[in-house]
Amino acid sequence: MSKRVLMNGNEAVAEGAIRGGCDCYFGYPITPQNELTAYMAMHMPRHGRVFVQAESEVAAINMVYGAAGAGVRAMTSSSSPGVSLKQEGLSYIAGAELPMVIVNVQRGGPGLGNIDPSQGDYFQAVKGGGHGDYRLIVLAPDSVQEMHDFTADAFDLADRYRNPVMILADGRLGQMMEPLILRTREPERVEKPWALTGARGREKNIIRSYFSVDGVLEKRNEALQTKYRRIADAETRVDPYLMDDAELMLVAYGTCARLAKAVARDCRAAGIRAGVLRPVSLWPYPTEALRSYLDRVKNILVVEMSAGQMVEDVRLAVEGAVPVHFHGRMGGGVPTTADIRAKADEITGRAR
Amino acid sequence: MTTTTEKPVFTRPQTLTDRPMAYCPGCGHGIVQTLMAGIIDELGIREKTVGVAPVGCAVETYNYFNIDMSEAAHGRVPAVATGIKRARPDLVVFGYQGDGDLASIGLAEIMHAANRGENYTTIFINNTVYGMTGGQMAPTTLAHQKTQTTPLGRDPETTGHPMRMSEIIATLDSPCLVARCAADTIPNIRKTRALLLKAFQYQLAGQGFSFIEILCTCPTHWHLSPKDSMDYIGRVLTPIFPCKTFRDRGAGHEG
C-alpha cells in the first residue's frame, strides 16, 4: 500500500514532473503558481537535473524549446498573463514538433487581473493562442492527485506525439492541499533520432519551423493535421459521473467539475436525475462521448469560471439537439453549489 | 610518366556544405561563416557542435553548415542556446545573431545569458541595418544613416544613438571574452578568425560566455558596391565602433 502524502497542487505538479522524468525546468515567478517553481528550484538540482530562473516568460519558453530540441524532457509553468507571453514560443514548438510540458495555473483576467482562480484561458489553451494552425494536448485535472498524475503522464504523451502538452489548472487547484499517492511508474522512454545531439555518424539534424520553398509549408501543415487526428482518436479523455440515467447533464472541468459533482448528488437527493460529464482532455475535446448521452439527456448545464468559453464546444457537439444552459463567474469568482443548484432547478422547472 | 608536385593548399572545410550561399554579393555573412567552419574543423568538434540560427538573412545558415542546428524565434537565440547547453553540456554551442535580433528585440535575452555566464559562444554580426526585411533602422544604425524607416537619416533626437553592444556586455562581470573586430581587410579577417578560435577554445575549457562582435558589410542596404562597402567599414564604422578586446579573462580561467 503506497503511503499518502499531503501537498498543495503546485507542489504535486512539481513532484509529478520530477517523477515523470523532467530533465530541465525553466520558470519565471508569477502568482498563484510560485510554489511550483520554488519546489523545482529546491529539488531539481538534488536529482542532478537543471533548474533555471529565466529573465522572463518569453525566455523560459525559448529555453524549453532549446532543451526539448536537444532531446531532453523539458517543462515550464506560469499563470495566465505569463502564459500569454509564452504563446509565440508555443507556436514555434508546435511548428518544430518539439515535445514539452507547460502548466497554466490560471488566474483572473483580462490584463493583470487578479491572483484568484479562473478558467478564462480556455480559448487560448484549446483554440491556439499563438499564430498558425496548431494544437496543444490540453489536460484538465480536478484534484491534487490528478495535478500530480497528469503532469507525469504529460511527458510521455509529449514524447509519443512530438507535441506540446498543457496542464490547464487554476489558482484553487494550485493552492489547495489534499492527500495524494506519489507516482512510482517509470516514464516511457522513446528514441529521439531527430534531436540535436551532434551530427556524429549521421546526417545533420535541424530544428525548424521555417519552410520558404513553394508548397513545403502546406505539406508540413497537412502532416500536422494528420497527427492531430491521430491524437484525437487515441487520447480523448472523459470522466462521466452518475450519467447512466441522467436527464440533466452538467458539463464542467477542473474546479467546476468538483462543484458540479456535488450539485449532481444534491439534485438526485431532491429527485432530479442529474449527472456530470467532465472533459478531462480539453483538446482533443470529448465530442463523441458528449453526443452519446443525447438520446436520454433533456437539458445541459455548463458551469465555468469564465464568461462562457467551453460552452461553445458543448454547443458545437450538441448541434441544437438539446437546450444548452450556462452558469459562470469571472474575475476570480467561484460558482457556489447553491447557485448551480438554483440554476438546475430553474432549468428543470423546479424553481423554489 | 609524369609526377605532379602540386599539393592542395586549400579545401572546403568539412563543416561547410557545398550548397551555394544565398547571400547578396559582397555580404559579410559568408566570410564569417567560412571562418567559423574552418575553426570547427580545426578543433575537430564538427560532430559535437550545435548552432542556433537567428531570424533574418542568416536564418538558413543551417543550409551551409554541416552540423546540427536549431532555428530560434526573433531575438531568442540566447535563450535557445541556454536550453541546449544546459540540457547537453557536452555539446559545443554557438548563437549567431544580427543587430536587430540581438540588440533590439532580443536585448533582454542576450544580457541575461551573458550575465549568467552561459558557457556558449555568441557571434554578433553588426552591419548597422536590418537586412532580410528590406533595410530598416537597427539599434546600431549610425546617426544620420538613411534606412527604409529613417528615409531622411537617423535622427538621434527622436530615435537615439547607435548602441555599442560589446561595451554594454563588457559592463557585466560574468563574460570571459568580449571583443569587436571587422570582416573587411585581410589583416582584420585574420584577427577575427583568431578571436573566434579563442572563443570556441574558452567554451571547450568551460570558461563561460564569450561575445564576438563582427562589423560586416551590407552592400545592398548601404547602397554601396561590395568594394566600397569594405572601405566603409574602416572609414565610417570603426571610428564609432572601435575594434578592440574589452574583456579577456585569459586561457585557464575558471568560468
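None of the values given here were measured: they were computed from a predicted structure. First the proteins, then the strands, lettered A, B, ... as listed; each starts at 1.
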Inset, instruction - Assess whether atom CD of B:Gln14 is packed by more than 12 heavy atoms of other residues, nucleotides or ligands within 6.0 Å. - result: no

Inset, instruction - Give a yes or no answer on whether the side chain of A:Ser56 reaches the backbone of A:Val58 with a donor-acceptor pair at less than 3.5 Å. - result: yes

Legend entry - Per-residue contact mode, B:Leu91 against chain A (heavy atom under 4.5 angstrom): side chain

Legend entry - Student check: side-chain heavy atoms of B:Glu60 and A:Arg208 closer than 4.5 Å: yes

Legend entry - Top contributor to chain A interface from B:Ala87, B:Ala108, B:Ser70, B:Ala53 [non-hydrogen pairs under 4.5 Å]: B:Ser70

Inset, instruction - Against chain B, label A:Ala60 side chain, backbone, both or neither, depending on which of its atoms sit under 4.5 Å from a heavy atom there. - result: neither

Inset, instruction - Could you tell me whether a side-chain N or O of B:Arg88 sits under 3.5 Å from a main-chain N or O of A:Thr197, the two making a donor and an acceptor? - result: no

Inset, instruction - Could you please state which residues from residues 63-92 of chain A sit under 4.5 angstrom from chain B, measuring non-hydrogen atom to non-hydrogen atom, sorted by number, or 'none'? - result: A:Met63, A:Tyr65, A:Gly66, A:Ala67, A:Ala70, A:Gly71, A:Val72, A:Glu88, A:Tyr92

Inset, instruction - Using non-hydrogen atoms and a 4.5 Å limit, figure out which bit of B:Arg86 sits close to chain A: side chain, backbone, both or neither. - result: both

Inset, instruction - Determine whether B:Met165 and B:Arg180 make a side-chain contact, defined as any pair of heavy atoms from C-beta on separated by less than 4.5 Å. - result: no

Inset, instruction - Heavy-atom pairs under 4.5 Å with chain A are the metric here; pick the option from B:Ile67, B:Val55, B:Thr49, B:Val92 that has the most. - result: B:Ile67

Inset, instruction - Give a yes or no answer on whether the side chain of B:Asn115 reaches the backbone of B:Leu172 with a donor-acceptor pair at less than 3.5 Å. - result: no

Inset, instruction - With the side chain counted from C-beta on, respond yes when B:Pro78 and B:Glu118 share a heavy-atom pair under 4.5 Å apart, and no when they do not. - result: no

Legend entry - Interchain contact, A:Arg49 with chain B, by part (heavy-atom threshold 4.5 Å): neither

Legend entry - Derivation and outcome, side chain to side chain contact (heavy atoms under 4.5 Å, CB included), residues A:Phe51 and A:Thr37: CA-CA 9 Å; A:Phe51 169 88; A:Thr37 310; 3.9 Å; yes

Inset, instruction - Output, in order, the C-alpha distance, side-chain angles, deciding distance and verdict of ring-ring contact (aromatic ring centres under 6.0 Å, His included) for B:Tyr120 and B:Phe94. - result: CA-CA 6 Å; B:Tyr120 82 96; B:Phe94 69 81; 9.4 Å; no

Legend entry - A:Asn205, part contacting chain B, at a heavy-atom distance under 4.5 Å: both

Legend entry - Per-residue contact mode, A:Tyr210 against chain B (heavy atom under 4.5 angstrom): both

Inset, instruction - Please answer whether the main-chain N or O of B:Val129 pairs with a side-chain N or O of B:Trp222 as donor and acceptor at a distance below 3.5 Å. - result: no

